[in-house]
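Notes to accompany the following structure.
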Protein chains: 2
Amino acid sequence: MAKNIQSLERAAAMLRLLAGGERRLGLSDIASSLGLAKATAHGILRTLQHEGFVEQDPGSGRYQLGAELLRLGTTYLDVHELRARALVWTDDLARSSGEAVYLGVLHQHGVLIVHHVFRPDDSRQVLEVGAMQPLHSTALGKVLAATDPVAHAELVDAKREPFTARTVTELDEIERTLDLTRAQGYAADNEETFEGVAAVAAPIYDRRRLAVGSVGITGAVERVCRDGELRPELIAAVRDTARSVSRDLGAKPF
Amino acid sequence: MAKNIQSLERAAAMLRLLAGGERRLGLSDIASSLGLAKATAHGILRTLQHEGFVEQDPGSGRYQLGAELLRLGTTYLDVHELRARALVWTDDLARSSGEAVYLGVLHQHGVLIVHHVFRPDDSRQVLEVGAMQPLHSTALGKVLAATDPVAHAELVDAKREPFTARTVTELDEIERTLDLTRAQGYAADNEETFEGVAAVAAPIYDRRRLAVGSVGITGAVERVCRDGELRPELIAAVRDTARSVSRDLGAKPF
DNA sequence: GATAGCGTTTAGCATTGTCGAACGCGGCAG
DNA sequence: CTGCCGCGTTCGACAATGCTAAACGCTATC
């Protein structure tokens with residue numbers, strides 16, 4: 001195990017702490033939360049502030065995340081190859097399915113949304129790019145857990161929180177669902193994450209035939225399902241989109 | 001001048017370098033660009049990778065920005081008070097004006113877009129949240145430079161690039177425009193940044209009556225202007241929105 | 001107007017990150 | 001096939017670097 005730079009690890013921990021706590025945090029809170037001396041925490045925060053990664057409220061002296069993170073995070077999206085290739089196809093999927101489209105990749109213990117196309121009606125919707133979804137209850141997450149060994153390991157290790165009465169948290173049952181996902185090439189989320197919301201997703205492969213992400217649609221169960229089952233034409237549309245993106249990434253269809 | 005943590009400054013410089021270069025960068029490029037020994041650069045990159053701030057392409061070994069930046073950058077938006085307060089009003093402004101709405105704050109040498117409402121038609125538009133705009137040529141930037149002393153200083157120091165034939169780069173003339181902006185309470189961008197694109201913006205104040213950002217609309221000059229001048233009803237709508245948001249932030253109307 | 005808590009600064013020690021050199025590996029040319 | 005060059009990575013020793021603990025000024029509170 002190679003040793004990592006201590007001050008950087010501490011700085012990263014601070015940023016994650018600031019991201020977690022809803023409100024701004026004071027220096028003493030930060031220092032005690034991480035078990036550091038106040039002066040140590042102060043030195044790191046001062047540098048982070050100078051670089052734009054954290055900001056300090058002039059009135060209260062409290063700290064919060066800084067604007068430079070937004071700029072760099074957006075740049076990450078600009079360079080993201082999977083997202084760039086998926087842009088065209090996801091628009092078409094949203095139009096043909098009439099539902100919101102999500103594109104996600106594995107990040108830490110969940111799915112990071114890297115692209116989101118609004119449902120094509122005039123309702124007010126909030127952009128969820130940059131948000132995280134759990135692996136065990138969402139369609140995007142199940143697809144990744146079924147096709148990416150790293151994602152699967154994360155799912156096994158993670159604590160699987162029940163969000164609704166339908167959420168499956170037992171490992172045995174999840175494994176059976178993942179087997180099914182591998183067999184049929186897509187996964188579903190039937191009110192397992194939000195009441196009244198269902199989703200379908202399919203895996204995206206790169207040229208080495210490794211899963212690099214998943215696409216899917218999410219919508220009200222009344223529209224997405226019929227007789228308690230997902231509408232077959234929506235499943236087909238999602239799988240077609242996933243195949244098209246995979247082909248764009250260089251994956252050969254066997 | 002207090003001293004900052006060296007390794008953190010170097011790590012931040014690396015992230016900015018990776019954000020600037022369009023493509024992935026190799027270790028040797030990074031080390032020589034920053035004037036560091038390869039081993040030093042490697043130690044920092046290894047830690048940044050472990051924390052999710054950079055990723056390494058398994059094939060080429062090159063480095064690029066990591067997903068954690070997107071997650072943290074989005075969290076920054078979630079906590080952003082100005083943005084939260086502006087959400088409702090900007091939707092209304094987009095609807096009443098029929099144009100795209102932008103909300104920006106000062107960041108480093110330019111305006112960072114923290115919110116963007118699409119023009120309410122079905123045309124394909126790309127979200128510009130997280131992007132930067134220059135201070136000297138845009139409506140959002142001029143408003144900030146006219147109302148925020150820090151932004152003004154940044155404008156004076158910055159190199160003012162000419163984007164179109166109409167871009168004003170001479171300091172004297174810009175200062176006169178800023179005086180006018182302060183006097184009338186809004187600023188315009190008449191094809192000074194993009195050919196055929198015009199914009200109006202107005203300042204947003206907080207409870208201490210300090211400028212904290214600017215809102216504005218941007219659109220094709222044929223729609224936004226009439227007889228070479230901005231349509232008065234659009235100027236009024238933008239100023240109303242800025243006042244509403246300021247009031248939400250606690251600014252008293254004198 | 002004393003107190004308690006905050007963020008900040010200071011000084012000295014030793015831990016920590018840095019550096020130059022060497023390593024293993026892959027691609028490329030001879 | 002073999003030698004070479006470039007890459008990313010590891011190693012070990014030095015001292016510069018960032019850490020710790022204690023003291024400082026400040027504001028808000030009772």
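A note on names: the letters A, B, ... follow the listed sequences, proteins ahead of strands, and every chain is numbered from 1.
Heavy-atom distances under 4.0 Å link DNA chain C to A/Gln56 of residues 49-56 of chain A, given in residue order.
The CG-P distance, from A/Leu27 to C/dG7, rounds to 5 Å in whole Å. When the C1' atom of C/dT16 is taken as reference, atom CG of B/Leu8 falls 13 Å away, rounded to whole Å. Distance, A/Tyr63 OH to C/dC6 P: 13 Å, rounded to whole Å. Rounded to whole angstrom, the span from the CG atom of A/Leu36 across to the C1' atom of D/dC19 amounts to 10 Å. What separates CG of B/Asn4 from C1' of D/dT17 is a distance of 13 Å, to the nearest Å. Between A/Asp29 atom CG and C/dT8 atom P the separation is 13 Å, expressed in whole Å. One interatomic measurement links the two molecules: CD of A/Gln6 to P of C/dA14, which rounds to 16 Å at whole-angstrom precision. Here the P atom of nucleotide D/dG18 and the CD1 atom of B/Ile44 are 10 Å apart, to the nearest Å.
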Shorter than 3.5 Å, N or O on both sides, protein versus nucleotides 21-30 of chain D: list them out with atom names.
none

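By the side-chain hydrogen bond (donor to acceptor under 3.5 Å, both in side chains) test, A/Gln108 is found to be paired with B/Glu68, residues two or more places apart in sequence or in another chain being considered. In terms of the salt bridge (charged side-chain N to carboxylate O under 4.0 Å, His left out) criterion, B/Arg10 has no residue partners (sequence neighbours excluded). Remark: A/Arg207 engages A/Glu81 in a side-chain contact (heavy atoms from CB on, under 4.5 Å) (not counting sequence neighbours). Looking at residues two or more places apart in sequence or on another chain, you find a side-chain hydrogen bond (donor to acceptor under 3.5 Å, both in side chains) between B/Ser137 and B/Thr193.
Using a 4.0 Å heavy-atom cutoff across all strands shown, A/Arg10 reaches sugar-phosphate atoms only and no base atom.
Here the side chain of B/Arg46 is nearest to one of C/dC6, D/dT10, C/dC19, namely D/dT10.
A donor-acceptor pair under 3.5 Å is formed between the side chain of A/Arg160 and the backbone N or O of A/Val156. With B/Arg24 contributing its side chain and B/Arg62 its backbone, the two residues share no donor-acceptor pair below 3.5 Å.
Look at B/Asp91 and A/Arg124 and you find a salt bridge, because one of the NZ, NE, NH1 or NH2 atoms lies within 4.0 Å of a carboxylate O, short of that distance.
Comparing A/Gly61 and B/Ser7 along DNA chain C, the residue whose closest nucleotide (by nearest heavy atom) sits nearer the 5' end is A/Gly61.
Contact check for A/Phe53 versus B/Leu72: no side-chain heavy atoms found under the 4.5 Å cut-off.
Partner A/Pro203 forms a side-chain contact (heavy atoms from CB on, under 4.5 Å) with one of A/Leu210, A/Thr147, A/Leu144 and no other, that one being A/Thr147.
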